[in-house]
Amino acid sequence: MKIGIDKIGFHIPDYYVDMNDLAVARDVEPAKFTIGIGQDAMAVAPISQDPVTLAANAALNILDEADREAIDFVMFGTETGIDHSKSAGVYVHRLLDLQPNARTIEMKQACYGGTAALQLAKGHIALNPESKVLVLASDIARYGLNTAGEVTQGAGAVAMVISANPKIITIENDSTFLTSDIMDFWRPTYSDVAYVDGKYSNEQYLSFVSQVWNKYKEETSLSLDDFEAICFHLPYTKMGIKALETLLEEGNEETKQRLQNNLEVSIQYSREVGNIYTASLYLGLISLLEGKELNAGERLGLFSYGSGAVGEFFTGVVQENYRDHLNVDHHKALFANRKKLSIEEYEEVFSATLPTDGSTVTLDTTDDSSAICLTGITEHMRQYANNN
Ligand code: CAA
């Protein structure tokens, strides 16, 4: 049975910071951010957008009534969840008005959570071919103002419908994965921002790429020549370029050129958004699918990495007329309608917090163009509204 991604879409908040502005404010050569890190902008979430609303908005634009009736499993990958107990997916289930007889859970393993959800969704469809699974990957990456990681922040979400006979790509069964208990990046439950050993995290990411790719080659006898493109988890886009370089020690010239050209297409959206942790790999996939006319039957490689760490290399096969099922215009409009923040405005937005003492706050959402917003908090309960 063919199982894979039937629908896919993303959502980003209304605000962004230009990396040239950030570089000037932080007294850094702008080329370090735009070339050395490979980012042009980073998305900034206002207080009325959290991982729940970003994910719900991403899903809102891909679901129809048939999906709402067929989805019986919601899996929400995130590493910036809003509750230690309740799954963020349960809020999304209500906000999207999905039929009630569904399982809903949250998945966590750093940036790998979305891939974990996708692979488990595949198993669920294999057992229940008529059902559909809603996979959500949503995060707000925060390292803190004036930190080395600041330039690699971002905010956004990807939503995918996983089903039998998918319209976009099938996910193949061959896949190689790896777990190793390391401290390259983590966020203790008491911290609002991530802790990271930046250089070590880069090294580990690249080591995982090599290890899972070598194992994949051993197990499948496939080579780089069998791939039209490879998408990588993108904590920042230069990381994807470095990852591909480590693989390009093999492969003929034509393959190298093709993979480099297609990587360039796959990093375009992330250059404008920044790291969205669990959703980064899938934003790269959307950038490729929307930015290039792929042919049915072409094979795509996907490398997922979640610090701590778990990595996986898996593959998808492009389906006939896949482009008819993308939301290219909607995604272009999201970028076109964003408002640039000055560094002062960004710092103010970044520093805004919700009360933690149980008091009531009502948020002004008039400037937030997203259909689904966080409207306030009362007695420690977040209040959401769908204005669609
Ligand atoms: N022009 C062009 N390039 C320049 C430059 C200039 N004027 N100045 C510096 N550069 C280049 C440097 O040469 C360097 O390139 P290479 O990596 O190719 O050597 C690049 O810019 C970055 O410079 P530094 O290494 O000096 O940057 P830094 O010390 O400020 O930190 C970072 C970079 C480690 C990525 C930091 O931003 C960070 O800690 N980010 C968060 C952690 C992270 O994203 N890790 C990625 C792997 S872990 C993962 O993938 C999981 C996840 O999502 C977090």
Side-chain angles (χ1 to χ4, degrees), residues 17 19-20 22-43 51 77-80 108-116 137-158 178-188 191 193-212 230-246 248 263 266-267 270-271 273-284 302-313:
V17 166
M19 285 302 114
N20 291 294
L22 186 67
V24 170
R26 300 297 179 247
D27 209 12
V28 168
E29 181 73 30
K32 174 176 177 183
F33 288 178
T34 56
I35 299 169
I37 296 288
Q39 291 302 132
D40 293 322
M42 74 182 181
T78 186
E79 56 184 298
T80 54
K108 181 172 69 186
Q109 176 29 55
C111 306
Y112 178 72
T115 302
S138 180
D139 277 301
I140 299 176
R142 289 167 66 90
Y143 292 91
L145 304 176
N146 289 293
T147 61
E150 184 178 27
V151 61
T152 63
Q153 296 178 148
V158 167
L178 183 69
T179 292
S180 176
D181 182 5
I182 57 170
M183 295 303 277
D184 60 331
F185 166 106
W186 67 103
R187 188 168 65 87
S191 178
V193 292
Y195 289 77
V196 62
D197 184 341
K199 300 277 182 275
Y200 181 56
S201 71
N202 289 347
E203 285 162 22
Q204 287 300 314
Y205 175 113
L206 293 178
S207 162
F208 269 65
V209 170
S210 299
Q211 291 182 70
V212 291
I230 302 181
C231 297
F232 296 90
H233 166 57
L234 296 171
Y236 52 97
T237 68
K238 181 77 171 291
M239 193 78 236
I241 293 169
K242 286 186 184 187
L244 183 61
E245 273 167 11
T246 65
L248 289 187
L263 180 73
S266 76
I267 65 179
S270 295
R271 284 193 72 91
V273 173
N275 195 359
I276 48 173
Y277 292 159
T278 50
S280 284
L281 168 63
Y282 300 98
L283 185 65
L302 296 127
F303 171 70
S304 182
Y305 179 75
S307 289
V310 175
E312 178 160 349
F313 184 82

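Just so you know, residue 1 is the first one in the sequence shown, and it goes up from there. Numbering of ligands and ligand atoms starts at 1, following listing order.
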(message) Heavy atoms only, cut-off 4.0 Å: how does Cys111 contact ligand 1, side chain, backbone, both, or neither?
(response) side chain

(message) Contact between His233 and Asn275 at the side-chain level, heavy atoms closer than 4.5 Å - yes or no?
(response) yes

(request) Report the nearest protein non-hydrogen atom to atom 35 (C) of ligand 1: residue, atom name, distance rounded to 0.1 Å. (result) Tyr236 CE2, 3.4 Å

(request) Among all protein heavy atoms, pick out the one at the shortest distance from atom 26 (O) of ligand 1; state its residue, atom name and that distance to 0.1 Å. (result) Lys32 NZ, 3.6 Å

(request) Quick one: look at Glu29 and ligand 1, take heavy-atom pairs under 4.0 Å, and tell me if it's side chain, backbone, both or neither. (result) side chain

(request) Specify the protein heavy atom at minimum distance from atom 37 (O) of ligand 1: its residue, its atom name, and the distance to 0.1 Å. (result) Ala148 O, 2.8 Å

(request) Considering only non-hydrogen protein atoms, determine which one is nearest to atom 18 (O) of ligand 1 and report residue, atom name and distance to 0.1 Å. (result) Lys238 NZ, 3.1 Å

(request) Would you indicate which of Tyr143, Tyr305, Tyr205, Tyr112 comes nearest to atom 54 (C) of ligand 1 when only heavy atoms are counted? (result) Tyr143

(message) Could you identify the single nearest non-hydrogen protein atom to atom 46 (C) of ligand 1 and state the distance to 0.1 Å?
(response) Asn202 OD1, 3.3 Å

(request) Give the residue, atom name and distance (to 0.1 Å) of the protein heavy atom nearest atom 43 (C) of ligand 1. (result) Ser201 OG, 3.8 Å

(message) Side chains of Ser307 and Tyr205 only: does a donor on one sit below 3.5 Å from an acceptor on the other?
(response) no

(request) Please report which non-hydrogen protein atom sits nearest to atom 53 (O) of ligand 1, along with the residue it belongs to and the distance in Å to one decimal place. (result) His233 NE2, 2.8 Å

(message) Determine whether any protein heavy atom is located less than 4.0 Å from atom 14 (C) of ligand 1.
(response) no

(message) So if I count the atoms of ligand 1 from 1 in the order they appear, which ones are less than 4.0 Å from some heavy atom of Thr152?
(response) 37 (O), 40 (N), 41 (C)

(request) Return yes if a side-chain donor-acceptor contact under 3.5 Å exists between Thr278 and Asp139, otherwise no. (result) yes

(request) Can you pull out the closest protein heavy atom to atom 51 (C) of ligand 1? Residue, atom name and distance to 0.1 Å, please. (result) Ser307 OG, 3.2 Å

(request) Using modelled atom types only, decide if a donor and an acceptor are shared between the side chain of Thr152 and the backbone of Pro235 within a distance under 3.5 Å. (result) no

(message) For Phe185 and Tyr277, I'd like to know if the aromatic rings sit close, meaning centre-to-centre distance below 6.0 Å.
(response) yes

(request) Report the part of Lys242 in contact with ligand 1, treating N, CA, C, O as backbone and CB onward as side chain, heavy atoms under 4.0 Å; options are side chain, backbone, both, neither. (result) side chain

(request) Please confirm whether Asn275 comes within less than 3.5 Å of ligand 1 when only nitrogen or oxygen atoms on both sides are compared. (result) yes

(request) Measure from the side-chain N and O atoms of Gln39 to the backbone N and O of Val151, and report whether any donor-acceptor pair falls under 3.5 Å. (result) no

(request) Answer yes or no for atom 11 (C) of ligand 1: protein heavy atom present at a distance under 4.0 Å? (result) yes

(request) Verify, without hydrogens or angle tests, whether Ser138 (side chain) and Pro51 (backbone) share a donor-acceptor contact under 3.5 angstrom. (result) yes

(request) State whether the side chain of Glu29 and the backbone N or O of Ala23 hold a donor-acceptor pair below 3.5 Å, judged by distance alone. (result) no

(message) Checking Glu203 against Ser207: is there a side-chain donor and acceptor pair closer than 3.5 Å?
(response) no

(message) Strictly less than 4.0 Å: does any protein heavy-atom distance to atom 20 (C) of ligand 1 fall in that range?
(response) yes

